[in-house]
Every structure is written in structure tokens, then in C-alpha cells.
Amino acid sequence: MADTPQAGATSSIEDQIRLREQKADLLREKGVQPYGNGIVVPHTTGFVRIRHADDDAAQLEEDQSEPYGIAGRVVALRTMGKATFLSLRDRTGDLQVFVKKDKVGDQAYEVLKLTDLGDIVFARGRAMRTKTGELSIEATEYRLLTKALRPLPEKWHGLTDHETRYRQRYVDLSASLQVREIFLRRTELIAGIRRFLEDLDFVEVETPVLHKPEEAGGAAARPFATHHNALDLDLKLRIALELHLKRLIVGGLERVYEIGRVFRNEGIDRRHNPEFTMLEFYQAYATYEDLTALTETMVSRLATEVTGADEVTFQGVKIKFAPPWPRTSMLGEVAKLYGAAGTQPQQLDALARLSAGQWLAPVEDRQMREKFARLVSSGEKIAWAFEALVEPMLPKDRPIFVVDFPLEISPLARKRDSEPRLVDRFEAFAGGMEIANAFSELNDPRDQEARFRAQVEAAARGDQETMPWDRDYIRALEHGMPPAAGEGVGIDRLAMLFTDSPSIRDVVLFPLLKPEESH
RNA sequence: GGGAGCGUAGCUCAACUGGCAGAGCAAUGGACUCUUAAUCCAUAGGUUGAAGGUUCGAUUCCUUCCGCUCUCACCA
């Protein structure tokens, strides 16, 4: 075989792959294993960068410490005959490597000449500064560890096509340090949640993902169906963590949390992926009021830990997470809009007397108007009016707690002692998204039975997002669940807020896409 | 599921009113021992998402399909 690939080669992707395969063969002929293993990599680029951040060229020249050994992907390559600069990227970032033929030797330089953008390489050498001042490794040893057969995206614009970024996340992550940062922040967010809750004496648990049909409740959503062959058992993928975690509260664990994937068989959009990550935590002897304080403290601290500040810019709007967060009353705001004055019971009475025409009068949106026809209870109508008329007006520069939820849309929440048509519940909104939902837990087994009955009746009317009647959960409550409060937090949405990502797909490593074969 | 937009070389993008499908980066050959969007000379790279239609002629116009993005609905 010739020493170098021949001129006249073409550059379609197939040809580029073939050329790189030929280079791998040439490396083998030179005794270099293009997919070797077992190399010891003693340092990261970040280690070198930090250690020599303040050293000038003269100081580095006097440095007599052992040479550094780093490995990573070649993301830039500039050759000037017998000297080459390459940018090497490892998990900590990039560092320039300066390879001179007279320093590494002829054979290593031949290997270098067979190196392509995207290859994984190893370099050993002392730190130095180039004449323009860039910290670099001056290689005395150069090895190729992995031959890449496909080219990297264009160096200046990178990979911008969303579809390719999501389908080939490995390319996206290789090409973009910003994308890496997003996912590192997501990881830091989850670690921060664990630290925060562990400090409060919560224990992390794992509950089943595979639910029997009667267990697949805890939220208003349609589940995915699956099947266990050996038991010949139809199963659902969980839509929430709630009912199992509360069984653990019955069992006396008192403070539990789970961070886990849940699955909802519904539409996909900027805020929704069919599988997403929820934090749910339950605390015995706490009320939903306690959880407002916990939530604003936790989220504000997470914002600081993940982004460096408790003020975050999301899609051009600054959001201040520092406690206390403002509150708004779902009942109160709706009552105000419909002229229902007085105490909460009086407001509820007045709203219950409204005719369909009166409810619909202030709502212009056609689809919201159509949706009204499907509503049965007064509580559903209050939530509907809040969504149509109040939610769009919520402040954008702060998270906000919405309180005073009606009973009918809260089948697992405790009734308020002062007004049993309401429940002790809040939802937290930020950046136009619901980020948390919490309530004092319903622990009266007979009341819970009545709520399940209402769900089953709603299902009979055609509602597809009702909860099943979970008899074992009732049995658990019959054993006595201490008074408790619990909360669910959408991890993906916090990740969006803390990385200024417009789509959930930007914070999920491998979002669900339709198959690509059929393009 | 409804509506709007987009799909051209490995990547990022052009192509006027329907008239030979082009550039930069990447690639290939050559020069170059301090470059950093390296530079210089040369070369090559296309089923224009797919199928059909209109037309002398389609990247361009029409139909259907596929995928993505935005949006509405559902939801967290």
C-alpha cells in the first residue's frame, strides 16, 4: 500500500470514511493499534489549565516537574509542515498541544500526519506558552488512541440542526462545550437536590416503575401499556411516584423522596417529553404550608449552586428565586373576576350559581370556550377560569405560588378544615411553567375512597385521565398514615430554567423522536 | 391530532420571475517548525428528504408521503 492516500480521492461521506479506514490500516502497518486500550492518562486538560493559569512563559520554562499526559478528541488541527498545533478536548475542556517533529521524533510525527479531526489522541509533554501566550503542551510523546471514521461538524458554526443534535447527541456533545455545560448543570441540579433533602433527614428510595393497572395513578395522565410474559400480566409504566411513596409514609419511614423517570402517554412539545424525571418527596407531620417554605429555599439554593446566582435569565426574562415567593389565590382571583365577594365560602357559593353564559362571558379564546362544555363541577370551572384568565397575567420575573385549589381537581389532597370545597394545595410556577405541585396529604381512607369513586365516575363519563381505584392504597391508609405533606417537582423544567433552554429536548440527552429510517 | 414554516455536499448556508446546482469549513495532493476561523497553490465532493404531476426544461410550481421546528390542544 502507498504511504499516503492517493490524490483524486473524492470527499463524499462514504469516501471520507473509506479514506479514514485506509489511514487506520496504515497505522496498523506502522505498528499503531488504531483502537488500542490500556493507556494510562495521568492528567486532565483542566488540571494543567488551573495549575498554570498564572504562569508566564519564563516560569513554565523553569518548571522542572514531571511532564503532563493528557488524552482527548482532536477538535482543531493546524499543521505547518514540521510543526502542528492541535486542540485537544477532554471532559474538562480544551487544551492546545504543540507537536514539533524534532521533539516527538519522525515516527510519532508520521502518526500525527495520519491524524484526522475527531480522532482520540494522547500527548505527553511539559506545559509552555506560545509566543501569543496560549498555554500549551509541548509534546515529547504523541500517540493515536482511536481512529474516528466520520468527520466532525464544521468548526465555526458547529452542529445547529436540531434533529441531528438530538438524534446524534454524541456529535452534539463532542462539538459543543455549551451543550456539555447544560447536561453537567442538570447533573449538578440533581446532586444538589439530594444534598438538600439528605440534610433534612429525607431518605432516598426506589419504587416500582412497572405498575399494575390499578396502581397507575397519582396524576391525571394516560399511561403507557406493557406486558409481563412469564406472569401473562398487563402492566402500565408509572405516571407518578406518589402512591407508593405514601405507602412508605404509612410504613413509618416518615421522610422519603425519589428522583425517577415517569412516563405519560401524551403529546410532545417544548415542555413535554413522554418520559421525564420527577422528584417527589413526602414528609410526615408537615403541611403544605411547610412545603412552600421548603420549596422556595430549595429552588433558590439550587439556582445558586447550579448557575452561580439566585437570579436567572430565562428566555430573556430575569427570574429572581430568592424567598419569599409571592402568592396568588386561585379562588380569590377567579372570584374577583366574576364579582363574587365575601368570605371563601361566600365566593364559592356565588361562583357555583354562575350560569354557563356568565362563566363564558369574559373568555374570548375559542378553544378555551369549547373546553368549558366538558366541565362538570364548579371546581373544574374555577380551575378553567384561572387558566384562561389569570395564568397569562402571572408575574414573569418571580416564581409564584398558586393556592386555594378546588377539591374536584385534587383527588389525593386533604380538604381544608375551614372550607372543605378547597384543598390544602399549591402549585409553583416559574418561567411560564408549572415547576412544583404540593399538598397536605389526604389520609382519611373513607374520604380517599370517595375521591376514587368520583374518579371512576369521571372515567365513565369519558374522561381519559382519571385515576384508577387503588384498593391496596386504601388498605394502606386504613392502617393509618400520619398527617403528611408531599410534593412533586419537574426536574427537566428546573433544568430548562437553570440552563436557559427553550425546549425540554435541550435538557434530555436522548429525547424521543420518530424513527429516522423513513426519511 | 389541528395550523404555519423548514428539509440543497460530512457541516454551515446560497441559487432572482421555472433556464448549466454554488460558496465557506471539512476532505484529497503540494508548500510551510509559534498556529489559533492559520495561510498559499491545486483537486474532488450532489438521487436538492421520498414518490408522483405540470412543463421543452423543476432546488424553484402542484399533489401525496416522511422528518424536524414553532404553535394550538392534552399535560408536568
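Proteins come first, then strands; the chains are lettered A, B, ... in the order of their sequence lines, and each starts at number 1.
- The P atoms of B:rC74 and B:rG18 are separated by 42 Å, rounded to the nearest whole Å.
- Residue side chain A:F276 meets the stacking definition with respect to B:rA76: its ring centre sits within less than 5.5 angstrom of the base's six-membered ring centre, and the planes differ by less than 30 degrees.
- The aromatic ring centroids of A:F98 and A:F85 lie less than 6.0 Å from each other.
- The separation between A:I268 atom CD1 and B:rG1 atom C1' is 13 Å, rounded to whole Å.
- B:rG46 and B:rA27 are spaced 15 Å apart, taking the C1' atom of each and rounding to whole Å.
- No hydrogens or angles were tested; on distance alone, nothing pairs the side chain of A:T160 with the base of B:rU12 as donor and acceptor under 3.5 Å.
- Between A:R78 and the phosphate of B:rU35, there is no side-chain N or O to OP1/OP2 separation shorter than 4.0 Å.
- Note on A:K371: only backbone sugar-phosphate atoms sit closer than 4.0 angstrom, heavy atoms only; bases stay farther off.
- Atom C1' of B:rU60 sits at a distance of 16 Å from the matching atom of B:rG49, rounded to the whole Å.
- Legend: residues meeting ring-ring contact (aromatic ring centres under 6.0 Å, His included) with A:F386, ordered by chain and number and at least two apart, are absent.
- Within the 4.0 angstrom heavy-atom criterion, no nucleotide atom of any strand lies near A:M496.
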Polar-atom pairs under 3.5 Å, protein N or O versus N or O of nucleotides 21-25 of chain B: list them with distances, or write none.
unit_1: B:rC25; atom_1: O3'; unit_2: A:K155; atom_2: NZ; d: 3.2

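- Across all strands, A:G267 comes closer than 4.0 Å to base atoms (heavy-atom distances).
- Note on A:Q16: a base of the nucleic acid sits closer than 4.0 angstrom, heavy atoms only.
- The phosphate of B:rC66 has neither OP1 nor OP2 within less than 4.0 Å of any side-chain N or O from A:K514.
- Ring to ring, A:F47 and A:H52 are not that close: their centroids are 6.0 angstrom or more apart.
- Look at B:rU55: it lacks any Watson-Crick or wobble partner with both distances under 3.5 angstrom.
- Under the 4.0 Å criterion applied to side-chain N and carboxylate O atoms, A:K147 and A:D116 are assigned as salt-bridge partners.
- A:R270 contributes atom CZ, which lies 8.5 Å from atom CE of A:M433 (distance to the nearest 0.5 angstrom).
- Going from atom CZ of A:R222 over to atom P of B:rA76 covers 14 Å, rounded to whole Å.
- By the salt bridge (charged side-chain N to carboxylate O under 4.0 Å, His left out) test, A:R374 is found to be paired with no residue, residues two or more places apart in sequence or in another chain being considered.
- Looking at heavy-atom distances under 4.0 Å, A:K101 makes no contact with the nucleic acid at all.
- Using a 4.0 Å heavy-atom criterion, one finds that A:L152 contacts no nucleic acid atom at all.
- When the C1' atom is compared between B:rU47 and B:rG52, the two are found 15 Å apart, to the nearest whole Å.
- Residues meeting the side-chain contact (heavy atoms from CB on, under 4.5 Å) test with A:V74, sequence neighbours left out: A:L77, A:L86, A:T115, A:L117, A:V121.
- Across all strands, A:E370 comes closer than 4.0 Å to no nucleic acid atom at all (heavy-atom distances).
- No contact: A:G488 has no heavy atom under 4.0 Å from any strand.
- Regarding contacts with the backbone of B:rU28, every side-chain N or O of A:S11 stays at 4.0 angstrom or more from both OP1 and OP2.
- Within the 4.0 angstrom heavy-atom criterion, base atoms lie near A:D102.
- Contact annotation for A:R505: backbone-only contact, meaning every heavy-atom pair under 4.0 Å involves sugar-phosphate atoms and none involves a base.
- In this structure, A:A220 reaches the sugar-phosphate backbone alone: every heavy-atom distance under 4.0 Å involves primed, P, OP1 or OP2 atoms, never a base.
- In this structure, A:R271 reaches the bases: a heavy-atom distance under 4.0 Å links it to at least one base atom across the strands shown.
- For A:E204, the salt bridge (charged side-chain N to carboxylate O under 4.0 Å, His left out) partners two or more places apart in sequence, or in a different chain, are A:R194.
- Listed by chain and residue number, A:F321 satisfy the ring-ring contact (aromatic ring centres under 6.0 Å, His included) test with A:F498 (two or more places apart in sequence, or in another chain).
- Of the P atoms belonging to B:rC32 and B:rU59, the separation is 45 Å, rounded to the nearest Å.
- Atom CG of A:D506 is separated from atom P of B:rC70 by 8 Å (rounded to the nearest Å).
- At a threshold of 4.0 angstrom between heavy atoms, the contacts of A:F98 include nucleobase atoms, whether or not backbone atoms are also involved.
- Among the atoms of the strands shown, base atoms are found under 4.0 Å from some heavy atom of A:D269.
- Put simply, CD on A:Q22 is 10 Å from P on B:rG29, counting in whole angstrom units.
- In this structure, CD1 of A:I409 is placed 14 Å from P of B:rC74, rounded to the nearest angstrom.
- Distance CZ (A:R18) to P (B:rA27): 17 Å, rounded to an integer number of Å.
- Remark: the separation of the C1' atoms in B:rG10 and B:rU28 is 14 Å, to the nearest Å.
- A:K371 has a carboxylate O that lies under 4.0 Å from a charged side-chain N of A:E387, or vice versa, which qualifies the two as a salt bridge.
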